[in-house]
Amino acid sequence: LVGRLNVCRCRLYPPDAQTNVTRSILSRVGRGLHQQPAHPLGIMAGFIREYFGARYAYHDAISPIVSPAANFESLCFPADHPGRSRSDSYYLNRDWMLRTHTSAHQAELIRGGNDRFLLTADVYRRDEIDRTHYPVFHQVEGVCLFPQHAVEAPSTPATAASPANACDTNPRQPCYRREDSMAVEEHLKASLEGMVRHLFARAASHSVDGAAHTSSEVQMRWVDAYFPFTSPSYELEVWYNEQWMEILGCGVINHSILERAGRPDAIGWAFGIGLERLAMALFRIPDIRLFWSEDARFLGQFSPAKVTHFRPFSPYPSCTKDISFWLPPATTAPFHPNDLFELVRDMAGDLVEDVKLVDQFVHPKTGRESHCYRIMYRSMDRNVTNEEINDIQARVREHAPKRLQVELR
Ligand code: PHE
């Protein structure tokens, strides 16, 4: 089947110089973890949907393959934004990519006549490798529009600490009346604070030691943020495990987006929340790879609409291997660590737990730079043999010179 899919894909999305998507990434497309009612990600999405209620249309099956125009241009990203680079995003070819965020669908959904909606989906970003980073994760996007001059007041006001409202670096949009923008900001903050209280309350009502964070005790604060597609923009942080944890980005939608989507009369807010980090906290899931486990010892622990703490099955031993190499000479394409991470993922799949730069120096005579990375291998659900790891490591070494233009040491 994978072979056949590959053939179809090559016909629909012929590879070119921009292509950097790998087979292991494509194998994640269509898994639909967020659509499974008894999966922690599905449970989280369900709580958010439950909180916003029937006035918000719900979408959870939009294809992750989008145009760079949808992912970036429709959202006012500048042409030189780093997120567009091949080292940060996955491209099928020049014209098609895997969405890096659910905001990629804002414009088309607004144009389609949705003025209140939620969209839950898988998103794809090239990133480092450790227990909290995975190249595929899930977000819920929320959008709420009002006619200008008729912004609703929230049923309960926002109460979390906020930065001094809309300053020079985080301005209101001059095309809106000040009171309209302020009313949208208030509706946004009140709605999202309510959503977080709801999530923590749902978690507390089932967990054994739920008393530790009952709904009234969630501490939140707003901080100024920047997104090319909202202004003013904010992030919401939650006090969790003795530190502030950033859980969502949001803001007042740029009016140009609404105009282009056929809603020049409107004003509104948008937010995007990542599901994994919050689910790891509420379900006490220690490694992000576990969300992809098909092991009944993982999946069997959860049931719809309930937050239960994950009971780890015995951790399997890890195995560590180093790889050292000279970076390509300055005259060729620069080395990007994400390319190494991708190569390791490609060879090891979910057997890689962590990749860290452990040593780095410049040769005093030749001026060449050397990196040493420590790769930690471990399976979440079985014992792996030494030979298996040696084999993977050998394949990483075999492919590194060609794919990364490095010279092994
Ligand atoms: N798309 C942003 C992200 O992935 C989050 C966001 C959504 C911010 C909507 C503002 C409005 O980081």
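For the numbers below, each heavy atom of this structure counts, side chains included, while hydrogens, waters and symmetry mates do not. Since we're looking at a predicted model, the values are computed, not measured. Indexing begins at 1, ligand by ligand and atom by atom, following the structure's order.
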Can you name the closest pair of heavy atoms from S63 and R99 and give their distance?
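The pair with the smallest heavy-atom distance is O-NH1, 3.0 Å.
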
For atom 1 (N) of ligand 1, what is the closest protein heavy atom, and at what distance to 0.1 Å?
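Nearest protein contact, heavy atoms only, for atom 1 (N) of ligand 1 is S103 OG, 2.9 Å.
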
Nearest protein heavy atom to atom 6 (C) of ligand 1, by residue and atom, and its distance?
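Nearest protein contact, heavy atoms only, for atom 6 (C) of ligand 1 is G249 O, 3.6 Å.
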
Does Q139 reach ligand 1 with a nitrogen or oxygen that is under 3.5 Å from one of the ligand's nitrogen or oxygen atoms?
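Looking only at distances, the answer is yes, because the N/O contact criterion of under 3.5 Å is met.
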
Does NZ or CZ of K321 lie under 6.0 Å from the centre of the six-membered ring of Y377, at an angle within 45° of the ring axis?
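K321 over Y377 ring: no.
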
Part of [X] with heavy atoms under 4.0 Å of ligand 1, whether side chain, backbone, both or neither:
{"X": "R125", "answer": "side chain"}
{"X": "C250", "answer": "backbone"}
{"X": "F271", "answer": "backbone"}

List ligand 1 atoms under 4.0 Å from G272, heavy atoms only on the residue side.
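Going through ligand 1 atom by atom, the ones under 4.0 Å from G272 are 6 (C), 7 (C), 9 (C).
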
With distance as the sole criterion, is a donor-acceptor pair present between the side chains of S27 and S24 under 3.5 Å?
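Their side chains do not contain a donor-acceptor pair, so the 3.5 Å distance test is not met.
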
Could you establish whether W269 and ligand 1 come within less than 4.0 Å of each other, counting only heavy atoms on the residue side?
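No heavy atom of W269 comes that close to ligand 1.
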
Is the count of non-hydrogen atoms from other residues, nucleotides or ligands lying under 6.0 Å from R382 atom CZ greater than 12?
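Enclosed: over 12 neighbouring heavy atoms sit under 6.0 Å from CZ of R382.
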
According to ring-ring contact (aromatic ring centres under 6.0 Å, His included), who are the partners of Y134, at least two apart in sequence or on a separate chain?
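With neighbours one apart ignored, the set is W292.
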
Listing, residues 266-280 side-chain donor-acceptor contacts under 3.5 Å, not counting sequence neighbours, or none:
unit_1: W269; atom_1: NE1; unit_2: H187; atom_2: ND1; d: 2.9
unit_1: E276; atom_1: OE1; unit_2: H138; atom_2: N; d: 2.9
unit_1: E276; atom_1: OE2; unit_2: H138; atom_2: N; d: 3.4
unit_1: E276; atom_1: OE2; unit_2: H138; atom_2: ND1; d: 2.8
unit_1: R277; atom_1: NH1; unit_2: E246; atom_2: O; d: 2.9

